[in-house]
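Just the heavy atoms: all of them, side chains too, but no hydrogens, waters or symmetry mates, feed the values below. To find a chain, count down the sequence lines: A is the first, B the second, and so on, and within it residues start at 1.
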Amino acid sequence: MVKIATWNVNSIKARLPNVLGWLEDFAPDIALLQEIKSVEDSFPRLEIEALGYHLAVAGQKTYNGVAILSKTPLEVAETRLPGEPEDDQARYIEATTETAAGRLRVASIYLPNGNPVPGEKFDYKLRWLDRLNAHIPSLLAREEAFVLGGDYNVIPADEDCHDVAAWAGDALIRPESRAGLRRLLYLGLTDAFRALHAEGHVYSFWDYQGGAWEKDEGVRIDHLLLSPQAADLLAESGIDARPRAKPKASDHTPVWCTLAAA
DNA sequence: ATGGTGGCGGTGCCA
């Protein structure tokens, strides 16, 4: 069994004790991290390698930054999302690794938030969704298992939101954003959580403000999207809400799935 | 209730 998780940690430096504790406790084979807010040189490499992980980092100062942690060695394929060479924001890293479930391609994705709407940031979000969609066919053509995990900053459907009215007009729930995510599913990808859980109102993000966590006023915006070959191996999935309850928590919590050994 | 939550960086930006 291969356990894969995605977690927007909101700064690896501020979150290091929480992340290390969770890695030891949850012991994912692969962890896809977003918003590390760190360049590669200041990433706490030694502490994470000490837990038995190989590391691939696409870092950036202050903002963004994504990483892949894996118990098996990584071969980096991309450190930026193709399609807009002048875009230097560190929001995408893709690598391959040999797992108990066979060769697996994984990507850690931090899709732009896109607020306010309308505006340049929303336009950038929609272009980013277009670029991600444009990148998928080349991955599908490999006919391999792959998992694209991350903070998509898109609420897929009304049941993934505590209060649709409260989010009306927000970039995370706008029809254009949902359409961009839906196109990924139409290409043949599977939402690992939704595929195995019909129930709504299960969340991966709760705002720091207004006691959202205590009131369970969240949204489900962190997703693991599986290629058909990976979906065939999908055994379990879930959302581990425990890290959100801890002191110094990220505003996101890990989303995970397991793939059966080949 | 003219605040509000948090990270970064040392001021406003970003989420």
Side-chain angles (χ1 to χ4, degrees), chain A residues 6-22 32-44 47-48 57-67 80-81 87-93 108-129 132 149-156 160-174 176-178 180-181 203-223 239 241-255:
Chain A
T6 179
W7 190 11
N8 179 325
V9 296
N10 185 20
S11 166
I12 189 65
K13 273 174 274 188
R15 214 67 57 215
L16 190 57
N18 298 40
V19 171
L20 295 176
W22 175 79
L32 309 168
L33 305 185
Q34 300 87 38
E35 274 205 277
I36 61 172
K37 296 185 176 179
S38 164
V39 295
E40 184 164 6
D41 286 348
S42 50
F43 191 91
E47 292 91 330
I48 284 169
V57 177
Q60 185 179 333
K61 180 175 141 73
T62 309
Y63 302 118
N64 310 317
V66 288
R80 290 291 186 275
L81 181 64
D87 179 10
D88 59 358
Q89 296 191 31
R91 296 178 173 275
Y92 186 91
I93 186 167
S108 181
I109 290 175
Y110 179 44
L111 217 133
N113 174 291
N115 282 303
V117 181
E120 284 180 20
K121 291 183 179 175
F122 189 53
D123 295 341
Y124 175 58
K125 176 182 195 144
L126 298 183
R127 284 204 311 278
W128 215 93
L129 275 163
L132 184 57
D151 177 1
Y152 282 75
N153 267 316
V154 178
I155 300 165
D160 299 308
C161 182
H162 71 94
D163 182 355
V164 171
W167 285 81
D170 192 280
L172 278 63
I173 205 167
R174 285 277 300 201
E176 301 94 323
S177 306
R178 284 182 164 178
L181 180 65
Y203 309 127
S204 66
F205 168 88
W206 300 259
D207 200 283
Y208 286 124
Q209 299 189 59
W213 164 249
E214 288 75 12
K215 294 186 278 190
D216 196 27
E217 292 180 350
V219 290
R220 191 173 70 91
I221 57 174
D222 300 271
H223 310 297
I239 300 182
R242 297 170 306 163
R244 185 63 180 84
K246 293 198 178 294
K248 287 279 288 178
S250 169
D251 41 6
H252 296 251
T253 210
V255 177

Closest nucleotide among dT5(B), dC8(B), dG7(B) to the N10(A) side chain | dG7(B)

Candidate nucleotides dG7(B), dA15(B), dC8(B), ranked by approach to the side chain of N113(A) - the nearest | dA15(B)

Under-4.0 Å side-chain N/O to phosphate OP1/OP2 contact, K121(A) with dC14(B) | yes

For atom CG of D207(A) and atom P of dG4(B), their distance in whole Å | 14 Å

Give a yes or no on whether the backbone of Y110(A) and the side-chain of R91(A) come within a donor-acceptor separation of less than 3.5 Å.
-> yes

Between Y208(A) and N10(A), a side-chain donor and acceptor under 3.5 Å | yes

Is the backbone N or O of W206(A) less than 3.5 Å from a side-chain atom of H162(A), with the two atoms forming a donor-acceptor pair by type?
-> no

dG7(B) P sits how many Å from I36(A) CD1, rounded?
-> 16 Å

Whole Å only: how far is the CG atom of L111(A) from the P atom of dC14(B)?
-> 17 Å

Has S11(A) got a side-chain N or O lying under 4.0 Å from the OP1 or OP2 atom of dC8(B)?
-> yes

Within the structure, does a side-chain N or O atom of R91(A) lie under 4.0 Å from either OP1 or OP2 of dA15(B)?
-> yes

When you compare dG3(B) with dG12(B), how far apart are their P atoms, in angstrom units rounded to a whole number?
-> 16 Å

For Q34(A), the option from N8(A), T6(A), D151(A) that meets side-chain hydrogen bond (donor to acceptor under 3.5 Å, both in side chains) | T6(A)

To the side chain of Q209(A), which of dC8(B), dA15(B), dC13(B) is closest?
-> dA15(B)

Could you state the NE2-C1' distance from H252(A) to dT5(B), rounded to the nearest angstrom?
-> 13 Å

dG6(B) phosphate, OP1 or OP2, under 4.0 Å from R15(A) side-chain N/O | no

Separation of Y152(A) atom OH from dA15(B) atom P, in whole Å?
-> 18 Å

What distance, rounded to whole Å, do you find between the two C1' atoms, one in dG4(B) and one in dA15(B)?
-> 15 Å

Roughly how many Å is it from CG in N18(A) to P in dG6(B), rounded to a whole number?
-> 13 Å

Phosphate-side-chain proximity, K37(A) and dG6(B), N/O vs OP1/OP2 below 4.0 Å = no

With a 4.0 Å cut-off on heavy atoms, is F205(A) in touch with a base, just the backbone sugar-phosphate, or nothing at all?
-> nothing

Can you tell me if K121(A) uses its side chain to pair, donor with acceptor, with the backbone of A171(A) under 3.5 Å?
-> no

Tell me: CD of Q89(A) to C1' of dA15(B), nearest whole Å?
-> 13 Å

Report the residue (I12(A) or Y110(A)) whose heavy-atom-nearest nucleotide on DNA chain B is the more 5′ of the two.
-> I12(A)

Nearest-nucleotide wise, let me know which of K61(A) and Y208(A) is further upstream toward the 5' end of DNA chain B.
-> Y208(A)

Begin with the C-alpha distance, continue with both residues' side-chain angles, and end with the deciding distance and a verdict on side chain to side chain contact (heavy atoms under 4.5 Å, CB included) for L172(A) and N115(A).
-> CA-CA 8 Å; L172(A) 278 63; N115(A) 282 303; 3.9 Å; yes

Interatomic distance where NZ belongs to K125(A) and P belongs to dC14(B) [whole Å] | 15 Å

